[in-house]
Amino acid sequence: MNQPSSPGNSARADETFRQLAWFVRLRWLAIAGVLATLPLAWFLLRLRFQPVPLLAVTVWLAVYNFFLNWQLRRPAATARLASLARAQIILDICSLVLLLYLGGGIENPFSFYLVFHTAIAAIIFPGLGSLVITTLTFGLYALMVVLDWTGTIPHFPLTGLYPVSPYQTVSPMLANLFVFGSTLYIVRYFTAAISRRLSHRTDELAAANRKLQEADRTRLQSIITVTHELRSPAAAAASLLEVLDRVGPEERPGLIDRARQRIGGMLRLIEDLLDLHQLDLGTTKVEAAPLLVAAVVEAAAAEHAALARERGVTVRVELAPDLPPVKANARYLEFTVSNLLSNAIQYNRPGGSVTVSARLTGAFLEVEVVDTGIGIPEADLPRVFDVFYRGDEAKKTSRLAPGLGLSLVKRLVQAQGGTVRVESQAGKGSRFFFTVPIAGKPEPA
Amino acid sequence: MTTKGKRILIIDDDTDFITATRTILAGAGYEVADCTRAVEALARVREFAPDLIVLDVMMETGTAGFHVSYEVRKDPHFAKTPILMVTAIHQTTPLRFSPETDGEYLPVQKLLDKPVPADVLLQEVAHLLESA
């Protein structure tokens with residue numbers, strides 16, 4: 001069964017797969033290199049060694065490279081990538097140490113090629129894995145040198161390169177081992193550090209990409225919703241106009257008026273959408289002037305008096321007369337107050353009330369709109385300011401509002417330098433708060 | 001067989017659609033009643049006993065109309081009453097269904113996009129009533 005994997009993991013698996021395929025190609029190059037070096041060293045440099053065991057190891061290299069390549073191409077290779085990577089590194093190290101041993105041991109200068117394997121291990125396993133592999137590499141090499149030097153295993157000499165074999169004296173041999181070992185560990189440290197940073201960055205990019213894809217889907221969903229919200233009133237208006245010639249002259253003005261209202265609602269929605277998108281783009285220049293919140297609240301209360309009467313809701317404005325003027329955009333502030341008030345009345349119950357009050361908090365005036373209405377379920381609270389989000393209860397109360405008001409309120413308040421928040425309990429009512437900076441102090445130039 | 005005098009129930013929460021649809025159908029001689037809430041739809045169907053139902057998809061919830069159609073079908077008296085579903089979301093959501101291909105999934109006879117032109121509505125209603 002396939003393991004569920006996150007996109008970050010699958011991006012990293014893809015990367016490991018590419019690396020392994022690349023190592024297979026490198027191994028063919030290495031095999032070609034060995035096959036070219038042997039005659040070159042024999043005939044050109046006139047070095048003497050035992051070519052048959054060396055050729056045998058080269059054939060062995062080719063065999064397992066074929067095998068690794070086949071394993072990589074098999075379906076569901078992803079699940080075995082880590083074990084394949086470990087296996088090939090260990091096989092490579094053992095093969096190279098064997099090649100070195102059969103080609104003179106410490107007398108063979110190709111021993112430094114083991115550095116490549118340390119680097120490769122550090123790329124694939126930036127953690128403890130590469131430290132284990134580095135230690136294994138150095139351990140095998142040191143073991144080979146010591147056993148070769150002490151004569152525990154037969155020596156395959158490489159003659160013609162050094163006038164005297166490094167095995168003859170102890171200090172060059174120890175120096176060789178020390179420099180060789182420290183080189184391995186230092187290379188491992190640097191490579192692992194870079195590899196870790198790269199893989200961290202890959203994860204970050206994968207996460208960012210995931211977020212962008214989600215945002216794109218949300219945006220597409222919102223385009224579909226907008227289209228629907230625009231289509232409904234347009235379809236209603238068209239239906240009303242379609243039946244004009246089927247009704248008597250006394251009924252026509254009523255139908256035309258309804259159609260006009262639906263088109264008017266559609267236009268308001270389009271204007272709100274434009275405002276919303278321009279505020280999101282940050283292309284709107286906010287013109288702010290000193291304003292009295294009390295005047296805006298009173299005007300909004302008067303505007304909604306008829307709705308409040310119809311719903312049997314009492315609206316109370318409790319604003320202290322000495323509140324300082326705020327620095328705000330008149331249209332933004334009017335929309336904000338009007339929207340919060342209209343919600344508080346609409347999502348209320350007969351006999352309920354709405355209270356608007358305000359208080360000073362530092363350099364801001366905090367306006368509070370409290371209602372005794374249907375409230376907002378806790379699960380909906382984090383999303384009430386999202387574009388087109390409407391709670392189920394809100395949908396039942398008024399279907400025709402598309403759910404743009406609060407998202408616009410949030411943007412308008414923020415555009416003036418304020419914040420907006422909500423406290424609510426389902427069935428008990430809601431408290432919406434928003435802040436506006438107070439006017440007075442001239443802004444520093 | 002005449003279709004005039006047949007009873008049609010319009011279930012839609014948009015009163016403007018009801019006005020327009022009622023005008024067209026009543027003008028053609030049908031007896032028309034309406035219902036604006038999906039939760040009351042079944043009771044209204046039983047009370048009015050329509051020969052055909054014009055049903056909106058989106059009401060209290062985005063799919064309220066679907067649930068109404070299932071409920072109506074469950075009542076043996078109305079299991080075969082033709083349902084003409086109308087929607088404004090057909091072309092703007094991934095909901096791609098037709099009675100031909102998804103007849104078992106959605107128990108309605110016809111699905112039309114709003115706004116439905118008067119002649120199309122009358123033609124479909126007459127056709128559904130005749131074949132019922």
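Letters A, B, ... are given to chains in the order of the sequence lines, protein chains preceding strands, and every chain is numbered from 1. Both backbone and side-chain heavy atoms feed into the values below; hydrogens, waters and symmetry mates do not. Keep in mind it's a predicted model, so treat the numbers as computed, not measured.
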Atom of [X], atom of [Y] and distance for their closest heavy-atom approach:
X: A:A236; Y: B:F17; result: N-CZ, 3.5 Å
X: A:L240; Y: B:A20; result: N-CB, 4.1 Å
X: A:R246; Y: B:L122; result: NH1-CD1, 3.9 Å
X: A:R231; Y: B:K114; result: NH2-O, 3.0 Å

Between the CD atom in A:Q261 and the CG atom in B:D16, the distance rounded to the nearest 0.5 Å is 8.0 Å
Any B:T19 side-chain heavy atom under 4.5 Å of A:R258 side chain:
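They are not in side-chain contact.
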Is the shortest side-chain heavy-atom distance between B:D14 and A:R262 below 4.5 Å? yes
Checklist entry - Taking everything shown except A:E250 itself, do over 12 heavy atoms lie less than 6.0 Å from its CD? => result yes
Can you tell me if A:R268 has over 12 outside heavy atoms packed within less than 6.0 Å of its CZ? no
field: Region of A:L255 in contact with chain B, defined by heavy-atom distances below 4.5 Å
entry: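 The side chain, not the backbone.
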